[in-house]
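Beneath this line is the structure, given in structure tokens, with notes to follow.
In what follows, every heavy atom counts, from backbone to side chain, and hydrogens, waters and symmetry copies are set aside. Each chain gets a letter, A, B and so on, in the order the sequences are listed, and its residues count up from 1.
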Amino acid sequence: MSEELTKKAVMEALIFSAKSGIEPSRVASIIGIKLSQVMLLLEELEKEYEGHEHGVMIKSVNGKLRFYTKASIQSFVSQVSVRPLVSITETQMEVLAVVAVKGPLTRNDVELIRGRSSQSQLLELSKMGLVGKRKSKLPGRPYLYKVSSRFYELFQVDDLAEIVEGLAFGEGEDDFETSRDNLTDNGNVEEKINPSDPRREGESERQDRDLSEA
Amino acid sequence: MSEELTKKAVMEALIFSAKSGIEPSRVASIIGIKLSQVMLLLEELEKEYEGHEHGVMIKSVNGKLRFYTKASIQSFVSQVSVRPLVSITETQMEVLAVVAVKGPLTRNDVELIRGRSSQSQLLELSKMGLVGKRKSKLPGRPYLYKVSSRFYELFQVDDLAEIVEGLAFGEGEDDFETSRDNLTDNGNVEEKINPSDPRREGESERQDRDLSEA
Amino acid sequence: MEQLELVFSFPEFEGPLDLLVYLVKKHRVDIRLIPITVIADEFITHVKKMKSLDMVVTSDFLVMASTLMEMKSKALLPRISNNEAEVFDNQRKELYRRVEEYKAIKDLSKEFRVRLYDAYSYERATAKPTVDQERKEDLPDELTEAFKAILKETVLRERVYTIVSESINVEDRMMQIEQLYETIELHKFLMSLESRSEIIVSFLAVLELLKLNRYYLDTVEPLTLRRKIS
């Protein structure tokens, strides 16, 4: 059966399906041809995909061949592959705001401020990489939450503390006073939350947005 | 910039890079063209990749377009990409079939159809991520079970209706000839299921086997 | 000898329906053509054989056996009323329907098995998105400045723990914006909103729209978002 497909076709399939790319030498050994022949076929394949009728192209990174989408259409591609934020709900936002302004603080603190459970929101925000946590030294060693560097990057509000500080935020509201100091401290929280890229998950979960032609 | 690439090229890139595939309607909304135009382009693209000079092809799974390597070169591809076999026993498969065609339904419904207890199978199928459940509004709030998107993915099913079509559900059709052999073939497949099958997450699926020849 | 033969040709049955499907199949005709008395007899004979072979006969089998016996006796009754006849007929039809349905399920599970193995012939083929480092999540300065200023103003007006009952997410807001505005004067727009979280959601929506190239930012004061004409 496989005789029907050309060697170039097999090479194409190998490059497309190898998760972390594949070396030309390995292509050669799998197909059972010489490396020099692989390089020739590769050149052909590369040329083909360079054409404007293809949206992907071959790149060699660290000696491994992989297909990449072309940079010029990144704005389209990023819509299916990079989507961490669109799914933020308003309650998650609210929790994020609390953590941004008052963190580091425990889940319990968040819930006291909001007057309701915030567990799922904190979890989701962690997954999105917007909130980080670390173990505290408080009794029971609860986690302390604060916004991550990704949050700062995204909002470009590394001087959030400064913003809030100047505000008549907590007239007579003690707990707000105390929180001011917290904000300046954004050093030592480990932002490590998400073992796998949060985008990955977000992507598969996304439903169709229907923004077609309004 | 992106004007240089054709719409078909963008579509190609979208299908290749969307982690869990992409619906034609979403392609339409991202590129900003009509669905009918997407379908035309898709047909072209499919035809192109069908040719023997290509090792990959487009398939639709659960309504989402994806590229797959062609079956005829599996022996090559399997050397760079290994998927652990998912083992499903005969009775589990039977319960899965019930849930697929009759779901969402309660455990009790499943048991009525099968004429026997199905609890452990439902539990196992849930663990494998092939069946999902949610609370119903029925008295006693029993769970309702239905097949998950992972089911579609694993079985590479686009539309269940296609599979079910030939089978007699309800109406008395004489399809007896075809099924004569059913019972004799009892090749019980007892492969073990890896509870923490990484593929559950979707794309992170298969690890590359490291066969790199030294 | 007969015993031995039996063991070999005797499949194990998952349940009574499984056995019924098997029995019907042996007749090679539509189940509706087989009299209930025949089915009942065969079923009971088989259950007896199962017992004699020390096979596990669960209560499901016994329940089905007694149902069939009851149906058989009804079928043999010389005279029954119209009403009874109808009830019996329905009962019979229901049994046949169940057997057929179960058979279809079994066929489907075979089909699933084939599909599952078939699926292993195809491997996902993917391409990695090229990430343009430059504009990953860079926002125009003007935009963030505007956002910060507005955030500041609302913080003044509002407590952080204000609980907002309405719930809108970024996606919905994007859609609203696209439907409602050709151009948006950013400051005015954001200031018209009630709560801080609504402002943040709206701001994120604006960001997304910019990233998706649906709008572009006109940085001549006042900061304005304009729809892209494609």
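Separation of atoms CG (Leu108(C)) and CG (Leu160(B)) is listed at 7.5 Å; rounding is to 0.5 Å. Going from atom OG of Ser121(C) over to atom CD1 of Ile73(B) covers 11.5 Å, rounded to the nearest 0.5 Å. Rounding to the nearest 0.5 Å places CZ of Phe151(B) at 9.5 Å from CG of Leu116(C). Note that CZ of Phe67(B) is 10.5 Å distant from CZ of Arg124(C), once rounded to the nearest 0.5 Å.
With respect to chain C, the highest number of heavy-atom pairs below 4.5 Å among Thr69(B), Leu96(B), Val56(B) belongs to Thr69(B). Annotation: maximal heavy-atom pairing with chain C below 4.5 Å, among Ile163(B), Val95(B), Val77(B), occurs at Ile163(B).
At a 4.5 Å heavy-atom cutoff, the contact between Val98(B) and chain C is made by backbone and side-chain atoms alike. No part of Ala13(B) comes within reach of chain C, as not one of its non-hydrogen atoms sits under 4.5 angstrom from that chain.
Around the CD atom of Glu46(B), the shell of radius 6.0 Å holds more than 12 heavy atoms that belong to other residues, nucleotides or ligands. More than 12 heavy atoms of other shown residues, nucleotides or ligands fall within 6.0 angstrom of atom CG in Asn90(C). Annotation for Lys146(B): atom NZ does not count as buried by contact number, only 12 or fewer foreign heavy atoms lying within 6.0 Å.
Taking all atoms of both residues into account, the shortest heavy-atom contact from Gln156(B) to Arg115(C) is O-NH1, 4.0 Å. The minimum heavy-atom distance linking Tyr120(C) with Val86(B) is given by the pair OH-N, 2.9 Å.
Not counting sequence neighbours, the partners of Tyr181(C) by the ring-ring contact (aromatic ring centres under 6.0 Å, His included) test are Phe189(C).
A cation-pi contact, defined as under 6.0 Å to the ring centre and within 45° of the axis, links Lys59(B) to Tyr122(C).
Listed by sequence position, Leu112(B), Ile113(B), Arg114(B), Gly115(B), Arg116(B) are the residues of residues 105-119 of chain B in contact with chain C, using a 4.5 angstrom heavy-atom cutoff.
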Check against salt bridge (Lys or Arg N to Asp or Glu O under 4.0 Å), Glu90(B) and Lys110(C): CA-CA 9 Å; Glu90(B) 291 294 312; Lys110(C) 300 281 180 229; 3.6 Å; yes
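Tyr117(C) and Phe155(B) have their aromatic ring centers separated by at least 6.0 angstrom.
Inspection of the Ser81(B) and Glu123(C) side chains reveals an N or O donor paired with an N or O acceptor under 3.5 Å. Judged by distance alone, the side chains of Tyr102(C) and Glu94(B) do bring a donor and an acceptor atom under 3.5 Å apart.
Using a 4.5 Å heavy-atom threshold, the side chains of Arg113(C) and Ile88(B) count as touching.
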